[in-house]
Structures are given as structure tokens and as C-alpha cells.
Amino acid sequence: MRDVKSLQGKYLTDAWRTTERTFPVVEPASGAVLAHAADCAAAEASQAAEVAWEAFLAWRSTSAFARATLLARWHDLILANEEVLATTMAREMGKALKESRGEVRYAAGFVGWYAEEAKRVYGDLFPGQDPDKRLLAVPQPVGPAFGITPWNFPLAMVTRKAAPALAAGCTFVLKPAEQSPLSALLLADLWLEAGGPAGTLQVLPTADPAAVAGPLIADRRVRKLTFTGSTEVGRLLYAQAAASVKRISLELGGHAPSLVFEDADLDVAVAQVMASKFRNAGQTCVCANRVYVHRSLVDEFAARYTAAAERLVVGDPLDPATDIGPLVDEQAVAKVERHVADAVAGGARVTTGGKAAGGLYYPPTVLTDVAPDALMLREETFGPVAPIVAFDSDAEAVRLANDTEYGLAAYVYTRDLARAFRVSEALEYGIVGVNDGVPSAPYAPFGGVKQSGIGREGGPWGIEEYLSVKYVSLGLGPA
Ligand code: SIN
């Protein structure tokens, strides 16, 4: 039986190895130590760069069909191991089990999709002026890629990067978040079981992200950096990657507005803003962070939304009835508390929740009459808190929605098709859900504009990030 204990103290390069130092992985629900993870540092990172390069030389020459077969096996193994993956995730970062199971399927979805896409990386034979030349655009893998993933989706953010990389013929080195290394190690173990060649996928847990990231980003053999996390860290990594002019994908912070127009179907709007806001206890980059409702509906929306929030079950993430588990750590709780206190000091009214519930638990919280300068309307809260604000016109709603440095996801609730088009076109965001609070899917483009990032993950767009086009001009010579 595969379990986290067997991966204690281990990291994966060309084989499973151990470090002298380890760090504890603590369960947010209980504060208990779940396991001790290998604490990798610069030496392991340099070794990983070497392994990634050597493995790449062989992996890039395998056929797309062979890579597709391995990815398809990995997909099946992830699904076959749903329970251990979901339970590990729930324990190491607190995601409610029913959502954790959903994430296992979401994560497998990327692997399944890119298993198929590997075979559809086509080049072009294109016309030129000279009749005696043949011109080709040949897609090739960019080279070894280094990925840094967050704790909020310990599996899906890994497969969203590693699956297209491997499908394209790149090797992949992963530094998982220090809060959730175990899920990533299990995933890598399944890749090996699927037959993934040594060194194609490596995992380096660490308690000191900079110690691992620094050498890998500086290494010229590593050709691509892909990061999901905060805008603040993304800026630093972007600057570091400039020294070796790496290809880069950044999926950074969000501050998603939900706009509920006067013609919205209220049942749909309430249900979808609930799903968007309280997914993973509000700890996603695309969670509704600001809920703008047309003044004619705002009281009814707030009443129904508050009632729905009160029906959510807060508790042990391993209990199948739980909707909202603990937040990931004390800083997360402190940030939510700071945002709520600030809004209340500015005159906001708490209609439900509003007080930490002990340990790392924070109940679903709804606020109305939130002042425009409240912190929660300016910064990403990353917790189960929904501020509701009234607006009077479409122009005002769009202005409020766009008044941020972020541009990841936005949501529109309306039954008017023309309004749906006009507003979604005016929103400065990479993703717009129209009457849809959870638009993410393995086959769809995910990514932001402005300071929410660079590049797209998912679908055919996601594999492009791991390919570069080689132009081959073939002179035919005399006939
Ligand atoms: C994220 O929060 O970064 C990912 C959310 C998603 O894939 O929907």
C-alpha cells in the first residue's frame, strides 16, 4: 500500500534519495506532524539540473506516441490512487475531502488531456518566394523546465505544468510548496510506476525555497521557469530568470470581481458565487474576492447568500460531510482577521461569520456596506470572506472590477447576451465566467493579464509554453 510514510525524508532526482536534514509537514487540522520531508538545498538543486539535462537528451528523442502512452498510464494510476492522494492532500493542507477527491480528478484531467495532445504537436510547411526552397517551422521542446507550485492545489498545479512539459519532450524539475510536498512525491512515484524514465520528473521538497530555486534558475541548462504563486514572488523570479533569458510562465495573484447585474438569475448567481468564493475555503487565485451587486438586488442577494453561507459545514477535512476545512496556516488566519477587522472599522456589517473559530478554522463570512477603501477590496484575502458592494450602472461595475493591478478571473451574472458580451470584453482579465463561478478545466486556457501573470496553462495553449519553433530553410539545389 502506497503511503506518505514510505516517502518520508525522500526526494527524487534520477532515483529516490534522502537528505540529512528534514522538515516537518504539519496537519493544519490538528497541528500534528504528518511526516518529515527531505529538506533539499543547493547541492540537490545542482544535481537536479544535471539529471534534467542528461534525461532531456534522451527524452526529447522519444516519439510523441511513446510519451503519450506513458502519460496515459500515469493518468490511470492517478485515478486508481484517488483515495490515498485525496487523503494526503486533505491532511497536509486541509482541503475538505470531497474537494480533494475532485482535485485528484482535475489533476488527472491535465495528464489525460496532454497524453492526447502530445500526438498533435504539428509543424508547418509554409510558402516562400523562392520556388527552389522548402520552408519548415518545426516545434521542439524548449528543454529542461523548472516548476514551482503552490500548496492550494498540491496535485493539479503540478500536473497542469508537468504534463504538457513531459508531453512536449521536456524534462521537469519540481519544487513543491513546503506545506504540501507529500502529494507531489506521491504523484512522482506514480509517474515512475507508469514507466516514466529516470530523471524526466524530479521532485525536490525544501523548507527553504530560495536555496533550491536560486541554483535552478541560474543554471543555463534549465531553459524554462514556470511558477504559480503570489505576484510579489513572481516579480522576483521574473527578474532572476532574466539573467539566463529563460522562457517563463507566471500564474500569479488574483482579486476576482463577481458582477451580478439586475437581470441576473438570482438562484444561479447565488449558487455560482458561493462555489467560486468558498472553493478550497476561499484559498484559490480565482476565488470571487469582491462581489458587486446591482443596487436593486443587493439586499435580496445578501440575504440569500448569507443563508447559503450558513449552510456550509465547517470541520475536519477528512470528514466527508465537511465543506470548509481549516486554513493552511496561522498567517492565513491572521490575514483574514486583519481584512475583516479593517472592513468593520470602516463601517461594514457582518451578516454571518466574522470571528475565527479556533485553531486554523475560519467560518464562511459575508459582509455588506463595505467601504471602497477597505483592504479586502484592494488586496487578495485568500480566505472564506465575501464582501458585497452595491453598484448602479454597467459602467460603474466595469470600472470597479478593473480598478486593480490584478487581472486573472472575473465573473458576470446576467441573462442578457449583449451585456454578457459587452461586459466580458471590457473586463481586463484573462478568464471571464459568465453565469459560471468555476470555469477552470484542463482543456481551457488559464492565466492572467496585468500583474496576474504571463502565459497560459491548459489546452493547446498550455503545451505551447514548452515548445519553441525551429525554422528550417531547405534549398533544393539544381533540379
Ligand atoms: C489557482 O488558484 O491557482 C488555481 C485555480 C484553478 O485551477 O481553478
Side-chain angles (χ1 to χ4, degrees), residues 96 98-99 101-102 105-106 254-284 286-314 320-324 348-354 363-370 376-377 381 383-394 396-398 400-401 408-427 429 431-441 444:
K98 59 183 160 195
E99 271 196 63
R101 289 183 178 135
R105 294 189 284 270
Y106 185 36
H255 189 35
S258 284
L259 310 181
V260 182
F261 290 93
E262 64 268 38
D263 64 320
D265 178 327
L266 259 198
D267 291 337
V268 170
V270 169
Q272 293 300 312
V273 182
M274 284 293 294
S276 167
K277 174 69 261 181
F278 295 110
R279 181 173 171 224
N280 197 22
Q283 302 171 109
T284 89
V286 291
C287 273
N289 218 45
R290 302 171 283 153
V291 185
Y292 296 109
V293 184
H294 191 268
R295 197 171 299 282
S296 62
L297 290 182
V298 73
D299 291 340
E300 190 180 350
F301 180 90
R304 288 213 218 170
Y305 195 77
T306 300
E310 284 171 348
R311 285 194 292 273
L312 293 176
V313 177
V314 180
T322 294
D323 296 302
I324 305 273
R349 197 167 62 85
V350 176
T351 63
T352 187
T365 294
V366 181
L367 298 101
T368 56
D369 305 320
V370 183
M376 64 175 65
L377 296 180
T381 305
V385 178
I388 298 175
V389 177
F391 68 83
D392 292 296
S393 68
D394 290 24
E396 185 190 7
V398 169
L400 290 168
L408 185 55
Y411 305 92
V412 176
Y413 297 92
T414 178
R415 281 181 284 200
D416 177 340
L417 190 58
R419 174 180 269 149
F421 268 105
R422 286 203 185 96
V423 173
S424 49
E425 285 167 10
L427 288 169
Y429 286 82
I431 302 164
V432 179
V434 179
N435 301 319
D436 182 3
V438 189
S440 306

Peer 1: Using a strict 4.0 Å threshold on nitrogen-to-oxygen distance, state whether Asp392 and Arg295 make a salt bridge.
Peer 2: yes
Peer 1: Is there a side-chain contact between Tyr411 and Pro439, using heavy atoms and a 4.5 Å cut-off?
Peer 2: yes
Peer 1: Atom CZ of residue position Arg422 - does it have more than 12 heavy atoms of other residues, nucleotides or ligands inside 6.0 Å?
Peer 2: no
Peer 1: Less than 4.5 Å apart, side chain to side chain, heavy atoms only: is that true for Val273 and Phe301?
Peer 2: yes
Peer 1: Can you find a side-chain donor-acceptor pair between Thr352 and Glu310 that sits under 3.5 Å?
Peer 2: yes
Peer 1: Does the side chain of Thr306 reach to within under 4.5 Å of the side chain of Thr368, using non-hydrogen atoms?
Peer 2: no
Peer 1: Would you name the heavy atoms of Met376 and His255 that are closest together and state the gap between them?
Peer 2: O-CE1, 3.3 Å
Peer 1: Is Val286 close to Ser276 at the side-chain level, that is, under 4.5 Å between some pair of heavy atoms?
Peer 2: no
Peer 1: Residues in ring-ring contact (aromatic ring centres under 6.0 Å, His included) with Phe391, at least two apart?
Peer 2: Phe261, His294
Peer 1: Rounded to the nearest 0.5 Å, what separates atom CG in Asn289 from atom OG1 in Thr381?
Peer 2: 4.5 Å
Peer 1: Provide the closest heavy-atom pair for Asp323 versus Glu99 in the form atom of the first, atom of the second, distance.
Peer 2: O-OE2, 3.9 Å
Peer 1: Would you say that Val423 contacts Thr414 through its side chain, given a criterion of any heavy-atom pair below 4.5 Å between the two side chains?
Peer 2: no
Peer 1: If you compare all heavy atoms of Thr365 against all heavy atoms of Gly354, which two are closest, and at what distance to 0.1 Å?
Peer 2: OG1-N, 2.8 Å
